[in-house]
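Source: prediction; values computed, not measured. For the numbers below, each heavy atom of this structure counts, side chains included, while hydrogens, waters and symmetry mates do not. The chains referred to below are lettered A, B, ... by the order of the sequence lines, with proteins before strands, and numbering in each begins at 1.
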Amino acid sequence: MSLRAIPDLALRSLRRRGLRSFLTALTAAVAVATVFATRGLLRGSEVALEKDLNRLGVRTVQVVDGAGFLETGGATRREPLGPADLAAARAALAADGVGAEVLDGWARLATLRSAAGGAAIPVPVVETGPAYARTFESELTAGRFLEEGDLAPGAPPACVLDAETARALGGAAVGSEAVLRDGNGERTLRVVGILADPFRMRLSTFAPDLTSSARRAIHQILAFRNVYVARRPGVPGGAMLLYAVAAKREEARRVHDALERALQAKERGLVVWSRGTWVRTVVETAREQIEIANIVWAVVLGVALVMIATVTLVGVRERTAEVAVRRSQGATRAQVVGQLLAEGALLALAGGLAGIPLGLLAADRLATLLTWPPYHSPGEGAFAVAMGVIVGLLAAALPAWRASRWDVVEGLRRGA
Amino acid sequence: MAPEPPVRDGVLVRVEGATKVYRRGSAEVRALDGVDLEVRRGEWLAVTGPSGSGKSTLLHLLGLLDRPTAGRVLLDGRDATALDDAEASRLRGRHLGFVFQDFHLLPEETALRNVMLPLLYAGTAGARERAGAALESVGLGHRLEHRPSELSGGEQQRVAIARALVKEPLLVLADEPTGNLDSATGEKVLDLLGDLHRRGITLVVVTHEPAVAARAQRRVEVRDGRIA
């Protein structure tokens, strides 16, 4: 028995059934395009999410006065974080030989409104200095972060807004003024910079299982509804936050452990919180959502399988006489099965290869509606085409098996 | 499989007690009923009989296109009824040629590709050249790339004969080979079959036409599923 002739026979057979072959290949192309586009967008969201989250500063370990510290300003705590902790943290990290920069910030709740008018919005305010910018890797969409000059006595009060806050103020831009009201009274700040926050929408979209409190914590604590103002010595600033920025990402764990020990965090109820660990958790949570979204392309493949199988079954039924002639000329059942499987695989392969550019196009179009670029790789392309070929093979399997069992004499009689 | 030893010298095909029963719903149709037959090497045998007598069924058994309900068919000493599908297909593809009344060519393939078909399945080298030569030998060297629909009935039957002979078969089985041809064209086809016979190929021709049967060396008649 020779199987060498099968690809040639299959190709010729497909060419003869041009329109049907085209439509079957088109179905495969749409399925493969869906697989490629969906996976590209999902993978793209993963990559973008991780990249955005990394901007939050995966090298940074943060210490806060436990849950609710913003509301209370740490005042209700028996032993809140204080300047002595800053010194203790520096000493402990130096003793452990861990390369890390330790700095502080002061957070409290306030309201902010545009000096030009409009409603006031509640915001967490972080009083800090230029070094704070090193605790994250986010980009500025406009202006600058706080500078040394902003800390100087008599310097005009400056603030940096995240983009979400700027939008909430009616589109505050660099150079505009905002009025901050807190326990220390009311003062007007000049907006000197806007921080990018592309992450928020993605997180809301892809981590819907995060509880609302977790989401609020993410948004409030980690920058995206924050107002950064220059630290004013001697002015009560709210609850102290302590930040340690490890020299390398992989040292963040050691920094975390060293701070826990040095500050007796467990005993004092302090929360020592690694942004890197949080980033991993969020990305993994998002990945679970992405896995669910994989059902989309699996369903499309299933539909394509049924459609191609139906068309193939009908098409093969019309070939009773042809199959009988082939069998009379020496084709074995295996060769009949082989030819029909090869036809299915070749159609799916052709459709799959055509589906890749279609998928690229679809993903790019969809990406304009979403907020992240698709992620494509040759491996993803090969996976999508392989899925298409598997669908083609499965769709052809039953019709091929049935055709191989047909009665030759009956087939010849029908073809007469 | 080892050859069956007790085959008489010169016998290419032996049919022993072949019975074929078809079931049509609850009814049983006994197409062949205990047929015994021998076909000698190089012989031209005509199988005659009225329509529905079972002669085509006999031809299908000889060509391994069907299996008897009972009895057996020995081909060149081998019990063909004991072969599995792959072995039977291989034997059919390499050693048995068919010429049908309705030609049974693949309509979308050229004459050349139709003739190449058994060689492709058998994995025979030089299929294109051999098919071309076979078509030359039946006078269709100028029609290689024509499809069956572009050929006359006589030409189509000559393509079918080329397809049968291209594999250099032991046995050619023809089922009413002139049934769809006018008498002049039928004569030419019979001449071609005669050429095959002169080349030593064993021929079994099923026909109900006395003129066709007259060309054969020997004639057997099938009536009601039995050799009369």
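Of all non-hydrogen atoms in B:Val212 and B:Thr178, the two that sit nearest each other are CG2-OG1, 3.4 Å. Nearest approach of A:Ala342 to A:Ala10, heavy atoms of both residues: CB-CB, 3.8 Å. Shown here for B:Thr110 and B:Leu144, the closest heavy-atom pair between the two residues is CB-O, 3.5 Å.
With salt bridges taken as basic N to acidic carboxylate O contacts below 4.0 Å, one links A:Glu410 and A:Arg413.
Heavy atoms of A:Arg12 lying under 4.5 Å from chain B belong exclusively to its side chain. Heavy-atom distances place the side chain of B:Phe100, and not its backbone, under 4.5 Å from chain A.
The side-chain tip of A:Arg39 does not point at the ring of A:Phe36 from less than 6.0 angstrom away and within 45° of straight on.
Counting heavy-atom pairs under 4.5 Å between each of B:Ser89, B:Pro107, B:Gly93, B:Ala164 and chain A puts B:Ser89 at the top. When each of B:Leu105, B:Leu96, B:Leu117 is scored by its heavy-atom pairs under 4.5 Å with chain A, the top score falls to B:Leu117. The candidate with the highest count of non-hydrogen atom pairs below 4.5 Å against chain A, out of B:Lys167, B:His60, B:Gln101, is B:His60.
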